[in-house]
Amino acid sequence: MANLDVEDFIQQNRAVADKVETYRGYWESEKHWEARREFILRNMNDFEDPQLDQLLSLSMVWANNVFLGCRYSTELLDKVKEMAEGIEVEDAPVFKTRDEIMKKQQGR
């Protein structure tokens with residue numbers, strides 16, 4: 001679902017879109033929220049109401065990894081990356097691990 005597809009979906013499904021808007025955190029920038037909202041919309045059909053908290057948690061894991069560089073288990077990251085396949089985040093920050101920084105320092 002490209003950004004234009006997301007906007008079309010929201011226009012055609014106002015009730016769903018309004019419900020999803022309630023999941024936005026007050027701390028989320030527009031860029032952060034648009035990407036996480038797309039993640040939620042892409043995966044909503046795979047999670048029933050009792051599992052909705054799981055979807056919201058997975059969306060936060062994905063967003064925290066992309067925007068803040070948070071690290072999680074390989075298994076969890078593989079799952080959320082698969083769920084987010086096709087979501088494009090422009091100008092996403094690039095993070096380096098401590099090991100990558102140290103290796104670069106040692107190579108001087």
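- Heavy atoms from other residues, nucleotides or ligands lying under 6.0 Å from CG of Asn45 number 12 at most.
- The minimum heavy-atom distance linking Lys79 with Leu58 is given by the pair CE-CD1, 3.7 Å.
- When all heavy atoms of Ala35 and Val89 are compared, the closest pair comes out as CB-CG2, 4.0 Å.
- One finds no salt bridge joining Arg24 and Glu34 here, because no Lys/Arg side-chain nitrogen approaches an Asp/Glu carboxylate oxygen to under 4.0 Å.
- Checked options Glu38, Glu28, Glu21; the residue passing with Trp33 is Glu21 (criterion: side-chain hydrogen bond (donor to acceptor under 3.5 Å, both in side chains)).
- Looking at heavy atoms from C-beta onward, Tyr23 lies in side-chain contact with Leu52 at the 4.5 angstrom threshold.
- Between the Gln51 side chain and the Glu48 main chain, a donor and an acceptor come within less than 3.5 Å of each other.
- Arg36 has its side chain out of reach of Lys31: every pair of non-hydrogen atoms, C-beta onward, lies at least 4.5 Å apart.
- Val61 and Phe47 fall within the same hydrophobic cluster, where Ile, Leu, Val, Met, Phe, Trp and Tyr residues are linked whenever their side-chain heavy atoms come under 4.5 Å apart, directly or through other members.
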Report all side-chain donor-acceptor pairs from residues 69-77 shorter than 3.5 Å, counting only partners two or more places apart or in another chain.
| unit_1 | atom_1 | unit_2 | atom_2 | d |
| --- | --- | --- | --- | --- |
| Tyr72 | OH | Asn64 | ND2 | 3.4 |
| Ser73 | OG | Leu76 | N | 3.2 |

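- Between Trp62 and Phe67, the ring-plane angle classifies as perpendicular under the 30° and 60° cut-offs.
- In this structure, NZ in Lys81 is found 7.0 Å from CG in Asp78, a value given to the nearest 0.5 Å.
- The neighbour count for Glu90 CD, taken as heavy atoms of other residues, nucleotides or ligands under 6.0 Å away, does not exceed 12.
- In this structure, CD1 in Ile40 is found 10.0 Å from CE in Met83, a value given to the nearest 0.5 Å.
- Here the closest heavy-atom approach between residue Val80 and residue Phe39 is recorded as O-CE1, 3.6 Å.
- Between Ile87 and Val66, every side-chain heavy-atom pair lies at or beyond the 4.5 Å cut-off.
- No salt bridge links Arg37 with Asp18; every basic N to acidic carboxylate O contact stays at or beyond 4.0 Å.
- Heavy-atom neighbours of Glu88 CD from other residues, nucleotides or ligands within 6.0 Å: at or below the threshold of 12.
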